[in-house]
Amino acid sequence: MSQSLTGIAASPGIAIAKAFRYAHAAAEAPQRTEVADASTEVERFRAAVAKAKTEIDAIRESTERRLGAAKAEIFEAHLMLLDDPDLVDAVLEQIDNDSVNAEYALHEVTGMIVEMLRGMDSEMLRERAADVLDVSGRVMSHLQGRPYAALSGISEETIIVAQDLTPSDTAQLDLHYVRGFVTEIGSRTSHSAIMARSLELPAIVGAGKAAADVPDGTTIVLDATEGRIVVDPSVEELADYRARKEAYDARVAELKRLASEPSVSADGAHVELAANIGGVEDVAKALENGADGVGLFRTEFLYMGRTSLPTEEEQYETYRHVLDKMKGKRVVIRTLDIGGDKELPYLALPKESNPFLGLRAVRFCLSREDVFRTQLRALLRASTAGKLNIMFPMIAVAAELRQAKAILAEERAKLESEGIPVAADIEVGIMIEIPAAALNADYLAKEVDFFSIGTNDLIQYTMAADRMNDAVSYLYQPYHPSVLRLVRMVIRAAEREGKWTGMCGEMAGDLTAIPLLLGLGLGEFSMSASSVLPARELIGRLSKEEWSRLAEEALQLGTQEEVQQFVEQRSHA
Ligand code: PEP
Ligand code: MG
């Protein structure tokens, strides 16, 4: 009989495919067996290494083709590990010396290396343990004659089921085969959820421990419009979900007719509906969905899933490419926002007990000017290719903004003195995602060209509720009057200085929030590409004038539930 699970609908759509259980954990420890003929074991081991190399090389090649050379670098490192005498020769020696089976020798040597790496002071070396486990797990799978659970090697239609997916796991998904994913933990604003939306990949997160029991290879239905997972569906359920999937896909196709229409309310107010992107590969989806621009380019993805910092040249190429492809439409590029749940192992940053309250985003950049200046130079050099806006994340106080602007001005002056052209009209803005910045927006507004409200963080800091922690996910309340009042405060402050305000947190694409945001005077809404057309259709049915009155009424209410009910009633009135 089928079984039904629920979770948080993180990226809409319906998928039907076989479950692929993905775990980072190592395989079970093999038994020690004495062998009479060590040379057979040596041969088995060499053959397994050779197969692993062929596979990794194929993954490297396809990653380079799909995502570029930088993303493929990690697999070069994996190939090198399979030539490393510390691993390979040590296994061969152990087989010879102790006359043991290859699996046991590999397990022992891997264990020793991993333990040694994990005891290192350097975070970067500690992180190498995961690479050793990955490579050795692949060799082990060949020795044991079973498939290796690796995301990059998937070659049939699947829905991934995992405890969690890191942003770099998500970056490796092969969209030819992966139809969606389910995770046990996570929230709508965790980065795997954001990535799924930008890839237009159906996803359910926070499905809880029950997801761990979904057997590998079982057919499952992922209804990521409702947050429901049906495991081993009956014939009737399958037929029902196939019909729903068809209807959903047809509606998505139908909305595409709005892709070349302007974003304008029923009473003629124009707004900008922009897309959030994480890299060059997302630009096509943004354009396909008729985005009026890019309201947030999360550049940290350029820094992730690799072993060293991206160079100025690599970044320049990427930014130039995005600006060029957007053909003069506004592109807001956010400077590096690392920290929180986004780590860069190769920077070997000290562990923090509260990473979301620590040295993240602009705080990190101001403490590592070398990293910051490289990015700013790349941005400035690319600026002549289109309409660039530069945005600093996580500004709390004016001093940070001033320091960031001063560094930007220095880099501009250096480039100009080198005779390198830089666009004259780059707008510089900040994300408002810390309550202190929202409360002080009238002061900050004098020193920026624009604000973009980052509600994913603004809500977490307003509610003091970790956006990654399921146990407090009930506090993620975008329509809570406290949040809405902060939003209003920011928009008003910018208006008084003649500046514009956008929003690039997930709330901007939320169909319940949109009427209120339109009414409060938000000028730009930036969201995952797949949300642009539903948002355009909704805005086309709303009167901005009416909603500016209704939003004021809603802000007088006391709870998120009351606001939500109010919006729903007025929308259907
Ligand atoms: C936000 O905080 O709302 C935001 C857009 O930034 P991120 O989700 O990347 O932290
Ligand atoms: Mg943020």
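Just so you know, ligand 1 is whichever comes first in the structure, and atom 1 is the first atom listed for that ligand. Starting from 1, each residue takes its place in the sequence as its number. Values below: every heavy atom of this structure, side chains too, minus hydrogens, waters and symmetry copies.
Neither side chain, Gln560 nor Tyr476, offers a donor N or O lying under 3.5 Å from an acceptor on the other. Looking only at atom types and distance, the side chain of Trp500 has a donor-acceptor partner in the side chain of Glu427 under 3.5 Å away.
Few gaps surround CZ on Arg373; more than 12 heavy atoms of other groups in view lie less than 6.0 Å from it.
Among the atoms of Asp337, no N, O or S atom falls under 2.8 Å of the Mg ion (ligand 2).
Those atoms of ligand 1 with a heavy atom of Arg298 less than 4.0 angstrom away are 4 (C), 5 (C), 6 (O), 7 (P), 8 (O), 9 (O). Near Cys504, the atoms of ligand 1 lying under 4.0 angstrom from a non-hydrogen atom of the residue are 5 (C). Close approach of ligand 1 to Lys342 is summarised as follows: ligand atoms under 4.0 Å from at least one heavy atom of the residue are 9 (O).
Of all the heavy atoms of Met431, the ones lying under 4.0 Å from any atom of ligand 1 belong exclusively to the side chain. Neither the backbone nor the side chain of Gln460 has any atom closer than 4.0 Å to an atom of ligand 1 (non-hydrogen atoms only). Only side-chain heavy atoms of Arg334 come within less than 4.0 Å of ligand 1; its backbone N, CA, C and O stay farther off. For Leu296, every heavy-atom contact with ligand 1 shorter than 4.0 Å involves the side chain, none the backbone.
The minimum distance between the Mg ion (ligand 2) and any N, O or S atom of Glu433 involves atom OE1. Summary: OD2 is the N/O/S atom of Asp457 found nearest to the Mg ion (ligand 2).
Of the possible polar contacts, one joining the Asp282 side chain to the Gly278 backbone as a donor-acceptor pair under 3.5 Å is found.
Considering only heavy atoms from C-beta on, Phe181 comes within 4.5 Å of Val205 through its side chain.
At least one heavy atom of Arg360 sits under 4.0 Å from some atom of ligand 1. In this structure, Arg467 counts as a contact residue of ligand 1, since one of its heavy atoms falls inside 4.0 Å of the ligand.
Between the CZ atom in Arg334 and the CD atom in Glu300 there is a gap of 4.5 Å [rounded to 0.5 Å]. Rounded to the nearest 0.5 Å, atoms CZ (Phe364) and CG (Asp337) are 11.0 Å apart.
Counting all heavy atoms, side chain and backbone alike, Ala423 lies closest to Arg412 at O-NH2, 2.8 Å.
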